[in-house]
Amino acid sequence: MRTQRENAARVVVIGAGMAGARLAARVPGVTVIGEEAHAPYNRVLLAEVLAGRYEPDVIALPPAEVRRGVRVVRIDRAERRVLCDDGGVIGYERLVLATGSNPVLPPLRGLGHMLPDGVHPFRTLDDCLALRAAVRPGVRAVVIGGGLLGVSAARALAECGAQVVLAQQGEHLMERQLDAEAAGMLRRHLETLGVEVHTECRVRGLRCTDGETPAVRAVEMADGYELEAEITVLACGVRPRAGLAQAASLEVRKGIVVDDELRTSDPYIHAVGDCAEHDGKVYGLAGAALEQADVLAEVLAGRPARYGGTRALTRLTLRSPSAAPVTAGTTGAAVVSGTSGGLDLAAFGDSRPMPGDDVIRLADATRNAYRTVVVRGDRLAGGVLFGDLAAVGTLARTWQDDDPLPADMSLLHLLTNDGGF
């Protein structure tokens with residue numbers, strides 16, 4: 001046990017996730033403190049580990065000096081030091097909070113602070129490995145939540161041979177990224193993998209066995225219907241992890257409030273990644289976390305740099321079990337890729353039109369191909385492509401650059417710049 005104050009580090013980072021690891025790679029001499037026993041890893045690829053496509057070492061990030069398995073319990077702003085649960089006391093010149101986010105645990109009957117056996121969040125590598133150890137062919141699994149995380153978890157469980165039910169409260173899957181037509185195509189794809197999809201249904205609680213160690217047996221719906229479950233996966237979103245910042249009296253709203261230099265209300269403390277709120281937005285995206293870390297690295301080096309928000313793509317692999325794996329990206333829209341019985345789906349920006357928007361849509365039912373873009377004023381607001389991603393590169397660059405569309409450009413050309421269907 002360390003009981004004495006250690007020499008002050010120039011930069012101390014609390015959190016060894018993707019943002020913390022990126023910062024450590026960019027700034028020499030950083031001290032990184034991480035709660036997890038694992039080396040930093042690419043969280044975007046956890047579903048690939050669950051599906052058995054990758055082993056944990058494959059998703060490890062480049063080596064970084066990290067104090068693993070250590071939790072910071074308090075920030076002493078007056079003395080500029082952090083106190084750790086192993087007795088260590090580390091001084092800092094600059095402190096970076098990269099504490100990430102916690103999975104949202106919905107207010108369900110039967111779900112307390114101690115999760116019943118068989119109930120799994122899906123956020124960390126330990127969560128993933130525990131879930132993989134519990135899955136066997138034929139096991140009944142219910143995934144609660146039909147967003148990006150829930151869809152990827154359901155697909156991975158199905159690939160492991162589980163009998164999977166996906167329960168989504170909203171009208172369709174991946175409501176944040178997809179319109180109804182693309183979501184319908186995604187639903188049909190999951191159903192071909194054996195996933196039973198329920199939308200517009202509200203989960204009321206869990207039915208568990210009695211005793212000292214209760215185990216889940218069913219998921220109870222609001223209408224009284226029960227879904228048998230030996231495994232239940234909670235994929236109900238995430239919440240910024242801001243408890244340390246709150247206890248240190250930093251400004252916290254939805255997340256830890258930062259300015260364009262990722263500085264908190266204390267000029268000696270910064271925040272990046274899922275825990276940070278910039279200009280009223282908490283991104284919760286790997287791409288934003290990496291971009292913020294890159295900007296902060298420049299700031300800490302004394303070079304002029306400012307963060308102005310993230311417009312980028314998030315990649316996710318969604319393939320049939322027979323398809324070869326591809327590398328997932330780490331940015332801010334959603335791209336789900338597949339071939340040979342798999343799925344090709346891309347979504348970026350805001351694909352839900354507002355009054356006054358122009359919507360251009362092309363569909364080819366025979367080829368199961370679908371494209372739509374939303375134009376707001378003279379700019380591309382977002383879009384969805386399904387089945388054929390030939391145009392996604394040009395569309396994504398147009399959206400990322402946020403430049404006005406040429407006045408003489410045919411809106412149809414946005415979807416057919418590759419020659420059309």
Side-chain angles (χ1 to χ4, degrees), residues 44 47 101 103-108 121-123 142-156 164-191 193 195-204 219 221-223 233-240 254 274 280-288 310-318 331-337 343-355 357 359 361 363 370-374 376 380-387 392 395-396 399:
V44 174
S101 55
V104 172
L105 301 182
L108 302 179
F122 188 45
R123 183 62 182 163
V142 175
V143 178
I144 302 175
L148 200 59
L149 185 62
V151 166
S152 62
R155 181 272 301 175
V164 185
V165 177
L166 177 58
Q168 159 74 334
Q169 182 171 327
E171 292 184 6
H172 60 252
L173 298 174
M174 290 178 59
E175 285 187 312
R176 291 181 60 185
Q177 293 92 0
L178 304 183
D179 61 15
E181 189 164 354
M185 292 179 170
L186 173 59
R187 176 174 183 157
R188 290 189 289 276
H189 173 77
L190 289 174
E191 289 171 345
L193 300 180
V195 178
E196 182 181 330
V197 179
H198 294 264
T199 56
E200 297 185 88
C201 62
R202 187 170 63 84
V203 175
R204 181 173 61 188
V219 174
M221 313 307 290
D223 60 4
V233 179
L234 304 176
C236 306
V238 295
R239 181 177 293 114
K254 290 179 290 187
D274 289 5
K281 296 180 182 177
V282 176
Y283 287 93
L285 299 168
T310 293
R311 295 175 65 85
L313 296 176
T314 293
R315 298 185 67 88
L316 170 72
T317 301
L318 192 64
T331 51
V335 178
V336 184
S337 301
L343 176 72
D344 289 300
L345 168 66
F348 58 93
D350 186 1
S351 61
R352 294 162 296 188
M354 299 173 61
D357 289 347
V359 180
R361 181 175 291 120
Y370 169 78
R371 301 177 186 178
T372 183
V373 293
V374 176
R376 189 165 297 149
L380 184 61
V384 177
L385 293 85
F386 190 102
V392 71
L395 289 170
W399 172 68

Distance, nearest 0.5 Å, that separates OG1 of Thr199 from CD of Glu175: 9.0 Å

Atom CZ in Arg371, atom CD in Glu181: separation rounded to 0.5 Å? 13.5 Å

Heavy atoms, side chains only, cut-off 4.5 Å: are Ile144 and Leu108 in contact? yes

For Lys281, look at atom NZ and say whether over 12 heavy atoms of other residues, nucleotides or ligands are found less than 6.0 Å away. no

Who pairs with Arg239 by side chain to side chain donor-acceptor pair (under 3.5 Å), at least two apart in sequence or on another chain? none

Tell me, with the steps shown, if Leu178 and Leu173 meet side-chain contact (heavy atoms from CB on, under 4.5 Å). CA-CA 8 Å; Leu178 304 183; Leu173 298 174; 5.6 Å; no

Here the pair of heavy atoms bringing Pro240 nearest to Val282 is CG-CG1, 3.7 Å

When rounded to the nearest 0.5 angstrom, what is the spacing between CZ in Arg123 and CG in Asp274? 5.0 Å

Do Val164 and Glu196 come close enough that some side-chain heavy atom pair is under 4.5 Å? no

To check you understand the geometry: which heavy-atom pair defines the closest contact between Tyr370 and Ala363, and what is its length? CD1-CB, 4.2 Å

Search all heavy atoms of Pro353 against all heavy atoms of Val359 and return the closest pair with its distance. CB-CG2, 3.6 Å

For residues Val384 and Gln177, report the shortest heavy-atom separation together with the two atoms involved. CG2-O, 3.8 Å

Phe386 and Thr372, any side-chain heavy atoms less than 4.5 Å apart: no

Report yes if some heavy atom in the side chain of Thr310 is under 4.5 Å from a heavy atom in the side chain of Leu285; otherwise report no. no

For Glu191, which of His189, Arg188, Arg187 qualifies under side chain to side chain donor-acceptor pair (under 3.5 Å)? Arg187

Minimum heavy-atom separation for Trp399 and Gly382, please, with both atom names. CD1-N, 4.4 Å

Could you tell me the separation between the CD atom of Gln168 and the CZ atom of Arg202, rounded to the nearest 0.5 Å? 14.0 Å

So how far is it from Leu149 CG to Met174 CE, rounded to the nearest 0.5 Å? 11.0 Å

Just wondering, more than 12 heavy atoms not from Glu171 lying within 6.0 Å of its CD? no

From Asp350 atom CG to Leu380 atom CG, the distance as rounded to the nearest 0.5 Å: 10.5 Å

Between Val238 and Ser101 the two heavy atoms that sit nearest each other are CB-OG, 3.6 Å

